[in-house]
Structure formats: C-alpha cells, structure tokens
Amino acid sequence: MEDSAHGSPIVSDERDELILVDEADNEIGTLDKGACHDGEGVLHRAFSLFVFDHEDRLLLQQRAPGKRLWPGYWSNSCCSHPRSGETMEYAIARRLEEELGLTCSLTRLFTFTYHARFREAGSEHELCTVYAGRCSEDPRVNEHEISAWRWITPEELDAELAADEDGERFTPWFHIEWRRLRGDFRDAIADL
C-alpha cells in the first residue's frame, strides 16, 4: 500500500504478527505488534542493523514522528522484527530494502535481551540480534519510518551518545548496542 502524501509505501502495521520467544530464543507463539508493545511489553524476536560505509562511518536514522515508541529519536541504521513465518535472514533483507532502499551483506554479531518503557505509550521487550554490514550507497528512505538520516564517524557518535545523559536524543537499545560494538566487536567491524 502506498500513501500518496509521502510517496512511500506503508511497510509496517500494528497488526503484524510477531514471534514470541523465551529467554533462550525458543518460539512460544505469535502476537500482533501492537499488543507486543502494550504496557510492559511481551518478549518477542527483533533485530538491529548497523550499516557502515567504506570510510567507517555509521548510517544513523531519525525515527519518523508517527512512530509509537521513541518518535523523533536517533537510532541505528535499521531495526525491526521478523514476522510470523519469516526467517531472520529474510526479515533483515526485507526491512533493509523497505526502510532504506539498500541491499548489503550482513554479519551476525550478538544477541541480547532488553526492556525499555517509553512513557505511557508502551515498551520494547525484545530478544534482539545485532548485525553489521558495509554499503557506501546513500539510502532512499521510507518517510513513514525515517524522518532524517546521516553518516557519522564512530568518534563523533561516541561524543554525541556521551552527551545524551538523559536519553532524550537516542533510543535506549542503540545506547546498549553501540557500547557493545565499541567494546567487544571493533575487530569484527573492521573486518566487514
């Protein structure tokens, strides 16, 4: 479906069936996206993608103002959920194309669980797998998902995240993931 006001297709919906998991990533059922994020949230499978260019800059996105959780916040290149019946590999390729108009090879780095509440709008409670890849094309963003984007060096990003003490500029999962990338996965990213 395409929204003529934006010219971008609508690629996500609160009715999307997401995959519920336990802490060991065993599938235990499905639930619509809206219900997964209500209240304190229900643990579900998710992914975060980090796209670097050949100058080692990271592609950041600013979440669209229409997003239910953390609208207008800056975050990693792309993040979403596999839908019921999708493999993770299919879902990450689908979402990279839907949100950013990009294709690139992605390497799995780590999986972690987190919980974060966004005011009264709901929560993220996710078992999230983090991937990284390299692509020097500028994105063609989906305006329903992304309001702005930019390339940033790791050092510039370190400084911006350090200044975001109140967590009002960057998403909470991005803070967690970036610390882990900078601490444990520098070599893996250099080898992409």
Side-chain angles (χ1 to χ4, degrees), residues 1-18 31-42 44-53 57-83 91-104 114-126 128 130-131 135 137-153 156-179 181:
M1 176 181 356
E2 188 164 305
D3 175 8
S4 59
H6 288 95
S8 295
I10 296 170
V11 296
S12 67
D13 188 285
E14 291 284 289
R15 296 169 293 190
D16 291 342
E17 286 290 311
L18 304 187
L31 187 64
D32 69 80
K33 184 171 124 179
C36 282
H37 295 111
D38 286 344
E40 292 303 312
V42 179
H44 56 281
R45 194 172 283 158
F47 56 84
S48 282
L49 311 181
F50 286 75
V51 176
F52 294 87
D53 69 7
R57 298 177 303 170
L58 176 65
L59 177 62
L60 290 186
Q61 67 153 285
Q62 185 176 34
R63 293 167 61 81
K67 290 282 201 180
R68 174 179 172 187
L69 303 176
W70 290 276
Y73 283 64
W74 286 92
S75 199
N76 53 293
S77 310
C78 179
C79 47
S80 191
H81 319 90
R83 295 175 183 151
I92 62 177
R94 171 184 55 79
R95 198 60 180 190
L96 193 61
E97 170 62 33
E98 288 175 347
E99 281 196 25
L100 298 167
L102 297 176
T103 57
C104 72
Y114 77 97
H115 178 260
R117 185 166 180 91
F118 183 69
R119 302 178 186 135
E120 296 305 311
S123 299
E124 289 286 11
H125 190 190
E126 296 184 335
C128 185
V130 177
Y131 295 82
C135 178
E137 282 181 60
D138 282 341
R140 297 175 314 281
V141 302
N142 184 310
E143 296 169 343
H144 291 288
E145 302 295 323
I146 299 170
S147 62
W149 62 272
R150 60 190 168 121
W151 294 103
I152 188 169
T153 69
E156 291 168 333
L157 182 55
D158 289 342
E160 288 190 26
L161 286 169
D164 188 38
E165 294 174 4
D166 58 3
E168 289 298 316
R169 190 155 179 239
F170 291 93
T171 60
W173 62 87
F174 182 53
H175 275 278
I176 296 165
E177 294 164 355
W178 185 248
R179 271 194 307 273
L181 288 179

When you compare the side chains of [X] and [Y], does any donor N or O come within less than 3.5 Å of an acceptor on the partner?
X	Y	value
W178	N76	no
D16	H81	no
E40	H115	yes

Answer whether the closest heavy-atom distance between the side chains of [X] and [Y] falls below 4.5 Å.
X	Y	answer
N142	E98	no
L60	F174	yes
I152	R57	no

*Would the number of heavy atoms belonging to other residues, nucleotides or ligands and lying under 6.0 Å from CD of E168 be above 12?*
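Buried by this count: over 12 neighbours within 6.0 Å.
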
Shortest non-hydrogen contact from [X] toward [Y]:
X	Y	result
R68	H37	NH2-O, 3.4 Å
D138	W151	OD1-NE1, 2.9 Å
H44	C36	ND1-CB, 3.8 Å
Q61	C78	NE2-CA, 3.6 Å
Q62	G72	NE2-O, 2.9 Å
G41	S123	N-CB, 3.9 Å

*Is there a donor-acceptor pair under 3.5 Å between the side chain of R169 and the backbone N or O of E160?*
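Side chain of R169 to backbone of E160, a donor-acceptor pair under 3.5 Å: no, none is there.
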
*Has the side chain of R95 got a donor or acceptor atom that lies under 3.5 Å from a matching backbone atom of L100?*
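No; judged by distance alone, with no hydrogens or angles, the pair does not exist.
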
Atom [atom1] of [X] and atom [atom2] of [Y]: how far apart are they, to the nearest 0.5 Å?
X	Y	atom1	atom2	answer
L59	F52	CG	CZ	10.0 Å
K67	S147	NZ	OG	10.5 Å
D53	C104	CG	SG	11.5 Å
R117	L69	CZ	CG	9.5 Å
F47	L96	CZ	CG	9.0 Å
Y114	E177	OH	CD	7.0 Å

*Kindly determine whether R63 and C79 satisfy side chain to side chain contact (heavy atoms under 4.5 Å, CB included), including the steps that lead there.*
CA-CA 10 Å; R63 293 167 61 81; C79 47; 4.2 Å; yes

*For R140, which residues count as a side chain to side chain donor-acceptor pair (under 3.5 Å) partner, sequence neighbours excluded?*
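Side chain to side chain donor-acceptor pair (under 3.5 Å) list for R140, sorted by chain: empty.
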
*Is the W70 ring parallel, tilted or perpendicular to the W173 ring (thresholds 30°, 60°)?*
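Perpendicular, since the angle between the ring planes exceeds 60°.
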
